[in-house]
Amino acid sequence: MDKEYMITMNSNDWYMREKSSGTISYPIHAGNIVIHNYGYASGTLQVFPQYWPQDYYAGDLSFDFQQIP
């Protein structure tokens, strides 16, 4: 069964990453993992993202995902 997860982080600093072409094309496929989009909210409250840019992503977040058969 396919499931969707949201990986979130709260930070007082971030790194902006851009592609040389200027546009990130979603979804991004990495093996059997699909990244549908990037979103963020501004401010100190922990709230659901309000902005969904299509030309960059920010933050520097790594994760390990283990799929159990």
Side-chain angles (χ1 to χ4, degrees):
M1 174 187 292
D2 291 339
K3 295 184 179 184
E4 290 188 17
Y5 300 91
M6 179 179 285
I7 298 174
T8 65
M9 64 183 248
N10 190 17
S11 174
N12 65 355
D13 202 358
W14 51 276
Y15 299 94
M16 183 171 175
R17 307 280 191 224
E18 293 181 289
K19 289 187 74 168
S20 59
S21 66
T23 301
I24 295 176
S25 298
Y26 291 104
I28 298 170
H29 295 268
N32 62 349
I33 295 175
V34 179
I35 300 172
H36 292 281
N37 51 31
Y38 156 78
Y40 72 94
S42 187
T44 58
L45 297 176
Q46 294 186 15
V47 297
F48 194 79
Q50 302 163 330
Y51 308 101
W52 305 92
Q54 294 297 306
D55 60 346
Y56 75 95
Y57 66 95
D60 214 354
L61 178 67
S62 297
F63 63 93
D64 291 326
F65 187 83
Q66 180 179 1
Q67 186 172 4
I68 301 172

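All residue numbers in this chain count up from 1 along the given sequence.
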TODO: Could you pull out the closest heavy-atom pair between Tyr51 and Ser42, with the gap in Å?
DONE: CE1-N, 4.3 Å
Open item on the list: Is there a path of hydrophobic side-chain contacts, each under 4.5 Å between heavy atoms, that joins Ile33 and Tyr5?
Closed with: yes
TODO: Output all residues satisfying side chain to side chain contact (heavy atoms under 4.5 Å, CB included) with Ile28, sequence neighbours left out; order by chain, then residue number.
DONE: Ile24, Tyr26, Ile35
Open item on the list: Restricting to non-hydrogen atoms, name the atom on Ala41 and the atom on Phe48 that form the minimum distance, rounded to 0.1 Å.
Closed with: CB-O, 4.0 Å
